[in-house]
Amino acid sequence: MNNNYVEKSSHAEFQRRHMGMKIKNRISNTIIYIILIVMTVIWLFPFFAILCESLRMESTGQVGYIFPHQWGFGNYIKLWTETDFPKWYGNTMLMALIVAVLQTVIVLAMSYTLSRLRFKGRKGLMNFMLVLGMFPGFLTMIVLYTVLKDMGLTGPNAVPGLILVYVASSGMGYYVSKGFFDTLPRSLDEAARVDGATRFQVFYKVILPLSKPIIIYTILVAFMAPWGDFIFAKYIARTSTAGWNVAVGLKSWIDSKTLHDTNYTMFCAGGVCVALPVTLLFMFLQKYYVEGVTGGAVKG
Amino acid sequence: MATVKLTNVKKVYDNKVVAVHDFNLDIADKEFIVFVGPSGCGKSTTLRMIAGLEEISDGIVEIDGEVVNDLQPKDRHIAMVFQNYALYPHLTVFENMAFSLRLKKYPQKEVYERVTKAAEILGITEYLTRKPRALSGGQRQRVAIGRAMVRDSKVFLMDEPLSNLDAKLRNQMRAEIILLRQRIDTTFIYVTHDQTEAMTLGDRIVIMKDGYIMQVGTPTEVFEMPDNLFVAEFIGAPKMNTFKTDLLYENGKYYVTPFGAKIEVDGYKGEKLAEMNVKPQEIILGVRPEHIVLAKAGGENAIKCTIEVNEMMGSEVHLHVKTESGERLIVRVPTINLSFEEREALIYGAKVYITFEGKVMHFFDKEKEHNLLIKREESTSQDEEDYSLE
Ligand SMILES: Nc1ncnc2c1ncn2[C@@H]1O[C@H](COP(=O)(O)OP(=O)(O)O)[C@@H](O)[C@H]1O
Ligand SMILES: [Mg+2]
């Protein structure tokens with residue numbers, strides 16, 4: 001009897017506590033969600049506002065409200081047909097694509113080399129690049145400008161000049177992918193070499209197929225830098241609109257109060273067009289981030 | 001199919017660790033050689049120098065009569081099985097095995113034939129379309145062996161291929177490697193830290209310690225005639241009992257005096273001692289656990305001991321005993337000749353008497369630890385060590 005009594009009571013106690021836990025959980029979850037929603041709204045608001053502005057037809061300047069009175073694609077049409085924007089967009093796209101390809105190749109080759117080959121000065125080189133990479137890139141701007149000017153790669157010819165600038169230092173961005181390669185077992189390389197592969201065949205038949213996530217990451221990073229660059233692009237293209245990229249071009253539309261009033265909605269339309277490829281790129285490449293690609297390579 | 005020859009091979013790593021000192025070995029065509037030794041003794045390093053995965057600091061490695069020191073692994077015509085399997089995770093089992101053939105541009109039909117044949121031998125046909133991650137450890141090991149098997153390699157290298165498997169699977173795979181060896185009939189170099197594997201697989205065993213070869217010989221040779229104390233204790237399980245004792249010479253006969261007993265070294269061991277003209281001295285005496293027998297109390301040369309641990313293995317009992325002078329010994333007693341009562345009496349604290357005969361004794365120099373019954377050449381490995389330290 002006594003035993004039964006004790007058991008019942010403890011069971012009830014357990015249930016009561018369990019209920020208490022449930023309620024507590026629900027409250028804390030609700031709080032977390034509220035915070036997340038508020039943060040999301042704050043974060044998304046500017047994007048939403050820009051989208052609305054770009055579709056506003058009743059005025060070209062800034063107004064005190066968000067939702068347009070009159071919706072339409074007029075700004076976009078004007079943007080692509082009546083301005084230099086297509087030229088800038090093309091410049092930027094060209095630079096970003098070329099840089100993405102070249103930089104990815106260089107970074108991956110560099111990282112693999114640093115991860116796998118042992119040569120004199122390897123540690124020193126890595127440390128040197130690490131320290132060098134800590135200085136902001138634009139410290140070299142003046143020198144770079146002078147050099148590029150002598151080569152005739154400034155002003156209207158800024159595009160090849162800028163590609164050179166963006167690609168030149170890509171080898172220094174080796175840390176992330178080297179870290180990834182370091183996690184791939186060296187015995188994979190060795191097995192392939194014994195199987196008859198050259199170093200290059202090892203790299204591209206064994207290592208690269210296992211490195212999809214890091215390749216995607218490298219491509220994205222390499223694409224983003226020239227796509228969003230302002231400082232270098234501005235400094236090297238100077239006043240020749242033919243050499244501008246989108247950031248420099250769009251900025252020129254809102255440089256003064258008068259310009260601001262006439263171009264603001266078109267500026268927003270340009271912003272949306274700039275955001276689009278990056279968004280698509282992310283969405284498209286995201287599915288290649290496959291986890292556990294190395295599963296089963298060696299004993300788990 | 002090829003000979004392998006290593007001449008004065010040495011390996012110094014960047015951090016100045018000398019992993020292999022002065023390695024000399026002639027491996028015959030189709031021989032199965034096993035490198036065995038405790039972890040860190042330089043087995044893998046030596047194997048990897050033969051494979052071309054590790055630079056050779058000094059000396060010459062020849063495969064099939066050709067010096068390969070400066071050849072890339074791909075040009076050495078070797079196959080290798082790695083301890084952690086190293087299967088290509090992104091390729092199916094079939095493509096893993098076909099990898100080397102495809103690199104050599106074998107025709108599709110031949111690739112197919114070779115891979116399916118190897119898969120059949122190894123019993124992995126049904127997994128050919130799977131990726132390695134969908135396989136168990138034993139299956140992965142087979143794929144790794146299959147990958148090395150499909151090619152016509154001159155030498156088959158294996159670095160601890162079984163050490164990641166559980167004990168049961170390991171025994172099974174060991175037997176399969178023996179079968180495999182009969183089928184592919186090429187030169188094998190097999191690395192292991194497990195003396196059982198070495199004894200069961202090798203035509204000849206190379207026992208290594210700290211980068212030196214301690215002995216090269218057939219399993220019987222290294223077991224019966226260990227060159228030195230290290231080999232004596234390393235080969236055989238449970239390990240050989242070794243203890244200091246006096247070697248006496250009286251009236252043309254040798255005696256040893258372990259733990260108060262005085263046992264004559266009779267039989268061929270005694271003749272050998274005389275032949276080698278060994279001086280009476282303090283020595284290290286070695287007796288294998290299976291060569292010690294239980295004796296009657298008060299019998300001639302019976303040594304009194306106390307049982308500390310009794311490991312009942314079924315067909316035999318391993319008794320860990322302590323002599324009255326505090327020395328610990330292991331005695332391996334076959335249970336077949338013991339009555340049930342006798343077996344039950346072998347418990348902790350029980351007193352037993354043990355003894356052994358002259359023909360099972362091994363005699364080692366007290367300082368240099370070499371076998372006193374084996375002729376020393378002028379340059380012993382000990383001298384070389386001193387030399388290399390200069
Ligand atoms: N890459 C390396 N760099 C420096 N020392 C190494 C390297 N590889 C092995 N060693 C050292 O060389 C010695 C022999 O190693 P190894 O051949 O792997 O031994 P085993 O295979 O017999 O266990 C060890 O002392 C080990 O620490
Ligand atoms: Mg090893």
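In what follows, every heavy atom counts, from backbone to side chain, and hydrogens, waters and symmetry copies are set aside. Small disclaimer: the values here were computed from a predicted structure and weren't measured. Naming: A, B, ... by sequence-line order, numbering from 1 per chain.
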Of the backbone (N, CA, C, O) and the side chain (C-beta and beyond), which part of B:Leu103 lies under 4.5 Å from a heavy atom of chain A, both, or neither?
-> side chain
Tell me, side chain or backbone of B:Arg48 under 4.5 Å from chain A's heavy atoms, or both, or neither?
->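 For B:Arg48, the side chain is the part near chain A, not the backbone.
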For A:Tyr175, ring-ring contact (aromatic ring centres under 6.0 Å, His included) partners two or more places apart |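 For A:Tyr175 there are no ring-ring contact (aromatic ring centres under 6.0 Å, His included) partners, ignoring immediate neighbours.
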Measuring from atom [atom1] of [X] to atom [atom2] of [Y], what distance do you get when rounded to the nearest 0.5 angstrom?
X: B:Tyr88; Y: A:Lys205; atom1: OH; atom2: NZ; answer: 11.0 Å
X: B:Asp159; Y: A:Glu190; atom1: CG; atom2: CD; answer: 9.5 Å
X: B:Asp14; Y: A:Arg118; atom1: CG; atom2: CZ; answer: 9.0 Å

Could you tell me which of B:Leu101, B:Ile78, B:Asn96 has the largest number of non-hydrogen atom pairs under 4.5 Å with chain A?
->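 That would be B:Ile78.
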Looking only at heavy atoms, which two atoms of B:Pro73 and A:Arg193 are closest? And how far apart?
-> CD-NH2, 3.4 Å
Closest heavy-atom contact between A:Leu188 and B:Leu87?
-> CD2-O, 3.1 Å
In this structure, are over 12 heavy atoms from other groups packed under 6.0 Å from A:Phe128 atom CZ?
->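 12 or below, so no.
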Answer yes or no: is there a side-chain heavy-atom contact under 4.5 Å between A:Val194 and B:Arg151?
-> yes
With the threshold set at 4.0 Å, does a side-chain nitrogen-carboxylate oxygen contact exist between B:Lys74 and A:Asp195?
->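 No, no charged N to carboxylate O under 4.0 Å.
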